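In what follows, a single structure is set out as structure tokens and then discussed.
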Amino acid sequence: MSEETTDTPLLSGGADPEPIRFLDDAGDYAPSSTAAAFADELSAVGADDFMQWYRDMVSTRAFDTECTHLQRQGQLALWVPSVGQEGCQVGLARASEPQDHIFPAYREHAIAKIRGVPFVQVAALFRGLTHGGWDVTDPANGNFHLYTLVLGAQTQHATGYALGQLLDAKRRAADPALDAGEPGTATGEATMVFYGDGTTSQGDANEAMIFAASYQTPEVFVVQNNGWAISVPVARQSRTPLYRRALGFGLRSVQIDGNDPLAAYAVGRRFLRDAREGRGPSYIEALTYRIGAHTTSDDPTRYRASGELESWRRRDPIARLETYLRTLGVGDDFFDEVRETADAEAKRIRDGILSLPAPEPDSMFAHVYSEPHPRVEEQREWLERYESSFASETQGGAGA
Ligand SMILES: Cc1ncc(C[n+]2csc(CCOP(=O)(O)OP(=O)(O)O)c2C)c(N)n1
Ligand SMILES: [Mg+2]
């Protein structure tokens, strides 16, 4: 019985369309049949923009590599590499407008930077210097919300936020009914939420789609399908391509080549504008690959075949955009300068991280409860005794 079920083909759907892409694996301009519908989103984008995107990707990778080294040297508690996933991140971040809100998972370093959160602040989180990260209410941080390690929680935060954007817009329009379920309300701003293939199995991520579809929130769901949820391959999590699941929830949904920043930009631009203008939520499955380890605590050679890794290395988003830029006439000087600048920036970030002051140990108790609590007090006192035991050792040592 169960074997029969396992062999049952999909009951509906037909063949999947080609993923949307403008650049082929080598980086030559060769749009897929599905790209035509989004091509006009690139009409105002020129070589200068593509050069900026290239710079974004290279600087993120240099930062990422530096942080992996810092973790190995004991300077960060953990690092979560984004190597290989910079293409869709940069395209989508560059497609967003300043007023949009972005809810990341924990691997969206390029997006943090583009929205204005300094890389040093991202690293400070992994050095254990802050409770949650940056100040989201500071406009300098570009409405980039906090990294969320509880898988899928950010989908709920994002859908709730997008519902608020919708209700605010209705209030501004003095709609007495404030019926958030009514489609067609322009909000002027949108929410974009990022999560991974494994996270699509969380209840939260599915509930978020139901609310988004029911209330027609101004929202774009982005799943970076990087092939793996730690050691679990995506094929184990879903018997159907992930973009199809969203169709079942009533969301417009497409699959893009996630290592092509042009595809990410074009589709992101269209879907974000649709959201802002009252045409409701949508879903993007970005096909990409996690070139590195899940985190610095993981060893992917234990569960991944090296051939798979190599085939994705050949589709590296940085190499592809470099090839495309060269066909536009961009030469060695630019690429050399970008690499040198990124390396110098990574070094500055390293120095910046190492010179950040450590917080007062006591501050870890500050936001546990809004009122004093005996258990928290007990732990605070224990820590105080523990800390002062070092002070007396040092004094004793000095006198001996
Ligand atoms: C609710 C919850 N369950 C389990 C975990 C442990 N965990 C951390 S990352 C991860 C895999 C996530 O995979 P995916 O969503 O594909 O994102 P990726 O890390 O590949 O970007 C798991 C199971 C967690 N952080 N939160
Ligand atoms: Mg994954």
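Throughout, residue positions are numbered sequentially from 1 according to the sequence presented. Keep in mind that this is a model prediction, so the values were computed, not measured. All ligand and atom numbering here is 1-based and tracks the order in the structure.
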Pairs of nitrogen or oxygen atoms closer than 3.5 Å, one from [X] and one from ligand 1: do any exist?
X	result
Gln85	no
Gln202	no
Ala229	no
Leu149	yes

Option with minimal heavy-atom separation from atom 2 (C) of ligand 1, where the choices are Thr200, Leu151, Thr199
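Among Thr200, Leu151, Thr199, the closest heavy atom to atom 2 (C) of ligand 1 comes from Leu151.
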Ignoring hydrogens, just give me the one of Tyr106, Phe194, Trp228 whose non-hydrogen atom is nearest atom 12 (C) of ligand 1.
Tyr106
Which N, O or S atom name in Asp197 marks its closest approach to the Mg ion (ligand 2)?
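Going by distance to the Mg ion (ligand 2), the closest N, O or S atom in Asp197 is OD1.
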Does Arg252 qualify as a cation-pi partner of Phe271, given the criterion of NZ or CZ under 6.0 Å from the six-membered ring centre and within 45 degrees of its axis?
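Positive - Arg252 is close enough to the ring of Phe271 and near enough to its axis.
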If you have a sec, work out which protein heavy atom is nearest atom 21 (O) of ligand 1 and how many Å separate them, to one decimal?
Arg107 NE, 3.0 Å
Can you tell me the protein heavy atom closest to atom 11 (C) of ligand 1 and the distance?
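Of the protein heavy atoms, Ile230 CG1, 3.6 Å lies nearest.
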Quick one: does Thr68's side chain have a donor or acceptor within less than 3.5 Å of a partner on Asp64's backbone?
yes
Quick check on the Mg ion (ligand 2): does Trp228 put an N/O/S atom closer than 2.8 Å to it?
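Here the distance criterion (N, O or S atom, under 2.8 Å) is met by Trp228, so yes.
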From the Mg ion (ligand 2) out to just under 2.8 Å, does an N/O/S atom of Asn226 turn up?
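It does; at least one qualifying atom falls short of 2.8 Å.
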Please answer: with hydrophobic residues joined when any side-chain heavy atoms are less than 4.5 Å apart, are Val193 and Leu151 in the same cluster?
no
Once the angle between the rings of Trp228 and Tyr303 is folded into 0 to 90°, is it parallel (under 30°), tilted (30 to 60°) or perpendicular (over 60°)?
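Correct class here is tilted.
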For the pair Phe390 and Tyr386, name the ring-plane relationship: parallel under 30°, tilted 30 to 60°, perpendicular over 60°.
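Phe390 vs Tyr386 ring planes: perpendicular.
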Of all the atoms in ligand 1, which lie at a distance below 4.0 Å from a heavy atom belonging to [X]?
X	answer
Gly196	14 (P), 15 (O), 16 (O), 17 (O)
Gly198	14 (P), 15 (O), 16 (O)
Asn226	18 (P), 20 (O), 21 (O)

Ion pair present between Arg320 and Asp28, side-chain N to carboxylate O less than 4.0 angstrom?
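Salt bridge absent between Arg320 and Asp28.
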Under-4.0 Å salt bridge between Arg273 and Glu189
no
Taking 4.0 Å as the limit for heavy-atom contacts, which would you say applies to Arg290 with ligand 1: side chain only, backbone only, both, or neither?
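Neither part.
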Tell me the contacting part of Tyr195 for ligand 1: side chain, backbone, both, or neither, using a 4.0 Å heavy-atom threshold, strictly below.
neither
Drop me the distance from Thr288's OG1 to Glu86's CD, to the nearest 0.5 angstrom.
8.0 Å
Between His294, His69, His109, which is the residue that forms a ring-ring contact (aromatic ring centres under 6.0 Å, His included) with Trp79?
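So the option named by the test is His109.
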How far apart are the C-alpha atoms of Arg313 and Glu310, what are their side-chain angles, what is the distance that settles it, and do they pass the salt bridge (charged side-chain N to carboxylate O under 4.0 Å, His left out) test?
CA-CA 5 Å; Arg313 271 192 201 285; Glu310 284 318 309; 3.4 Å; yes
